[in-house]
Each structure stands twice: as structure tokens, then as C-alpha cells.
Amino acid sequence: MIIELLFIFFILLFGSFIQGASGFGFGIIAMSFLPFLFTVKESTLLVVSLAFVLSVSIALQLWKHIKWKSLLVILSAAVVGRYVGFLILSHYGEMDILKTFLGIFLIAVVIYLFCSKGPKPGKKVNQTWLPITLGFFGGLIGGIFAVGGPFFVFYFLLIYHDNKYAYSANLQISFLVTALITIALHGINGDFSIDFLGSFLVGLASVLIGSRIGIRFFARLSQEKIKRFAAIVVAIAAANLILFG
């Protein structure tokens, strides 16, 4: 039991550090390893609950950089996606096949992280169908696997390519709102158990420590190097989920 809690602590510490330093990555790192201990449903509920705390912690430190108008469309679509994700996770969240699907999606995320070249300055960004599409699928994947971050990252990098503080602040608000929706839906559905509390408390300490350390490195570390390093770690875990999950 102690070894299991230490594993949870260090995985979540690493994930929260990555999110604090780069704006995202907590869910991707955590969901790359937690399904080795829990079902996808249990892992998702733990990660989403902690992602809420983590996002609040980071958002409070970047509050003045939030651009509220840019959040309306993408968050409206994300809420719908989260509800659909809740329905899928409630019915199929205990099935081991979901670990394989998660592994495949994580590999796709890694390919995106390695191949993406970043937005071009001055490029006009669609303000309707693009945030609706990305918001819905970000909400959907986040509701099932707690790894919907890349959809939001893509959008906010497009509109805030020249302001990394606004990018990170708006990203955290997106994570905060979508996580709150998932927690409320599963709470009403009675999906949280007493056993969940121990893992949550260990994870709570992890994310509060890791995010503060990550924020301190936010202005110093290269976003590209952080992204590449996290992608390698995720790729290894994803391959294990597909082969042995």
C-alpha cells in the first residue's frame, strides 16, 4: 500500500510540475501511468479531481492574464462534450479495452507534440467552428480519459502565440471549468468512494508542491524542451498500456 501511494505521489508530482512549467500535461502524464494501478474510470476520476485543484492553484497565480471573452464559445462546446464523456465513462469505464484506446490516443498526442511547429504570427483564427470543434472533442476526451488538454492547447496557442501568460491562464480556466463539470456529474451519479479519498489526499499534496515548483520555472524553461521530454515519457507509458494494459 505504501509503495502504491508513493508511486501515485511521484507520478502526480511530475505531472503537476510539467503543467506548472508548460501550461498543460498533468492529465497526460498521470493517465499514462495510473491505469496500471486502477481502472480507466478510477484513474480519470482521480486525475480530473486533482486537475481541478491544480488548475485553481495555477489560475490564481495568473489571474490577471485571463481573457474572458475568448473562453465563451470553446467552454460552451466543452461542457457538452464533457456530458457525453460522462455517459460513456459511466457505462464502459471499468472495461480493460479502454486502456488500449487510451494508449492509442496518447501515442497520437505524442505524434502531435513532436510534429507540431507552432502557430504562424498574424494568422487569422476562426472564432466559431474551430473553438466549437476543439472544445467539444476536448471535453469529450477529457471526460473519458482526462487527457483533453491538447485540443485546448492547440486553440489557445493559436490566439495567444505571442503571450504565454494569457495562453496558460486561459488554459487553466478551461481545465478548471471542465473538471468541475465532470466532478459534479460523477458526484451526483455516486461514483466516488471512500477508497478514493486516500489517493486524492496523496495526490493533493503532490499537485500543490509540483505546480508551485513548475510555476517558478515557467519563465526560465524552454517550452519546447519540456514538451519533448514529456512526450518521450508519455510514449513509453502509452506503449506499455497498449501491450500490457
Side-chain angles (χ1 to χ4, degrees), residues 1 4-62 78 82 85-86 89 93 98-99 102 105-106 109 138-139 141-153 168-169 171-189 191-215 218 226 230 233-234 237 241:
M1 182 65 179
E4 181 178 300
L5 291 176
L6 285 174
F7 178 83
I8 294 171
F9 179 85
F10 285 111
I11 289 302
L12 298 179
L13 182 72
F14 177 52
S16 57
F17 168 78
I18 293 295
Q19 180 144 333
S22 66
F24 84 109
F26 173 70
I28 295 172
I29 296 293
M31 289 300 291
S32 298
F33 293 95
L34 289 183
F36 290 113
L37 294 178
F38 309 112
T39 66
V40 169
K41 182 177 181 179
E42 291 168 337
S43 300
T44 296
L45 292 180
L46 177 59
V47 171
V48 167
S49 299
L50 292 170
F52 175 75
V53 176
L54 178 59
S55 297
V56 170
S57 175
I58 299 176
L60 287 174
Q61 298 175 69
L62 299 173
R82 278 284 163 139
F86 157 74
L89 189 65
L98 277 189
K99 294 182 181 181
L102 172 60
F105 181 77
L106 289 172
V109 170
I141 299 299
I144 302 172
F145 296 128
V147 289
F151 295 92
F152 298 100
V153 168
S168 185
L171 200 55
Q172 303 316 311
I173 292 298
S174 298
F175 294 157
L176 188 159
V177 171
T178 52
L180 184 59
I181 295 297
T182 294
I183 292 169
L185 289 172
H186 284 283
I188 293 171
N189 202 46
D191 292 330
F192 293 99
S193 65
I194 296 297
D195 294 335
F196 169 86
L197 185 59
S199 298
F200 176 79
L201 291 176
V202 170
L204 182 61
S206 295
V207 299
L208 292 178
I209 296 171
S211 63
R212 289 192 174 274
I213 297 173
I215 282 288
F218 182 63
I226 293 172
V233 174
V234 170
L241 278 174

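Residue numbers start at 1 and run along the sequence shown.
With values rounded to the nearest 0.5 angstrom, Phe38 atom CZ is found 6.5 Å from Ser43 atom OG. Between the OG atom of Ser211 and the CD atom of Gln61 there is a distance of 6.5 Å, given to the nearest 0.5 Å. Atom-to-atom distance recorded for Leu54:CG and Ser49:OG is 12.5 Å, nearest 0.5 angstrom. Summarising the geometry, atom CG belonging to Leu197 is positioned 11.0 Å from atom CG belonging to Leu46; distances are rounded to the nearest 0.5 Å. Interatomic distance, CZ of Phe52 versus CD1 of Ile181, reported as 10.5 Å (0.5 Å rounding). Considering OG of Ser57 and CG of Leu62, their distance stands at 9.5 Å, rounded to 0.5 Å.
Pairs passing the salt bridge (Lys or Arg N to Asp or Glu O under 4.0 Å) check and including a residue from residues 45-55, sequence neighbours excluded, do not occur.
Listed by chain and number, the residues in a side-chain contact (heavy atoms from CB on, under 4.5 Å) with Leu102 are Met31, Pro35, Leu106, Phe145, Val147, Leu241 (sequence neighbours excluded).
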Chi angles and distances behind the side-chain contact (heavy atoms from CB on, under 4.5 Å) call for Leu34, Leu12: CA-CA 9 Å; Leu34 289 183; Leu12 298 179; 4.2 Å; yes
Trace of the side-chain contact (heavy atoms from CB on, under 4.5 Å) decision for Leu89 with His186: CA-CA 10 Å; Leu89 189 65; His186 284 283; 3.7 Å; yes
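Using the six-membered ring where Trp is involved, Phe200 and Phe196 have ring planes that are parallel, under 30° apart on the 30 and 60° scheme.
Residues Phe192 and Ile183 share a closest heavy-atom pair of CE1-O, 3.7 Å. The two residues Pro150 and Ile28 have their closest heavy-atom pair at CG-CD1, 3.9 Å. Residues Ile173 and Ala59 share a closest heavy-atom pair of CD1-CB, 4.1 Å. Shown here for Asp191 and Leu45, the closest heavy-atom pair between the two residues is O-CD1, 3.7 Å. Scanning both residues, Phe151 and Gly138, for their nearest heavy atoms gives CD1-CA, 3.6 Å. Taking both residues in full, the closest heavy atoms of Gly142 and Val48 are given as O-CG2, 4.2 Å, listed atom of the first, atom of the second, then distance.
At least one side-chain heavy atom of Phe152 sits under 4.5 Å from a side-chain heavy atom of Thr178. Side-chain contact between Ile8 and Phe33: absent, with no pair of heavy atoms (C-beta onward) separated by less than 4.5 Å. The shortest distance between side-chain heavy atoms of Ser55 and Gln19 falls below 4.5 Å. The side-chain heavy atoms of Ile58 and Phe175, taken from C-beta on, include no pair separated by under 4.5 Å.
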